[in-house]
Amino acid sequence: MDYNKVGIWLKGYLDAIQSGEEVTKAQLELLISRIKELISEVEENDTASVTESEDLEDDDLPF
């Protein structure tokens with residue numbers, strides 16, 4: 001997922017909400033689902049990074 005595009009999209013929603021513009025329930029549900037997707041993606045990448053780091057640490061052992 002392209003984070004720059006998602007960031008711009010999220011900023012548009014937040015600006016609309018803060019300025020009191022009408023935002024529908026469907027739009028908010030879509031916003032929430034996209035945020036959950038981003039969080040899941042970041043958590044998966046973090047888990048992969050931790051696993052890779054642990055593997056690399058084991059390779060550095062002299063024995």
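- Within the 4.5 Å cutoff, side-chain heavy atoms of E41 are placed close to those of N45.
- Taking 4.5 Å as the limit, every side-chain heavy atom of R34 sits out of range of all side-chain heavy atoms of L31.
- For the side-chain contact (heavy atoms from CB on, under 4.5 Å) test, residues two or more places apart in sequence or in another chain that qualify with I39 are I35, E43.
- When all heavy atoms are compared, the tightest approach of Q27 to E22 is OE1-O, 4.3 Å.
- Taking the side chain to side chain donor-acceptor pair (under 3.5 Å) definition, one finds that S19 meets it with E21, sequence neighbours left out.
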Show me the side-chain donor-acceptor pairs of residues 6-18 shorter than 3.5 Å, one per line, residues at least two apart or across chains.
residue, atom, partner, partner atom, Å
K11, NZ, D15, OD2, 2.9

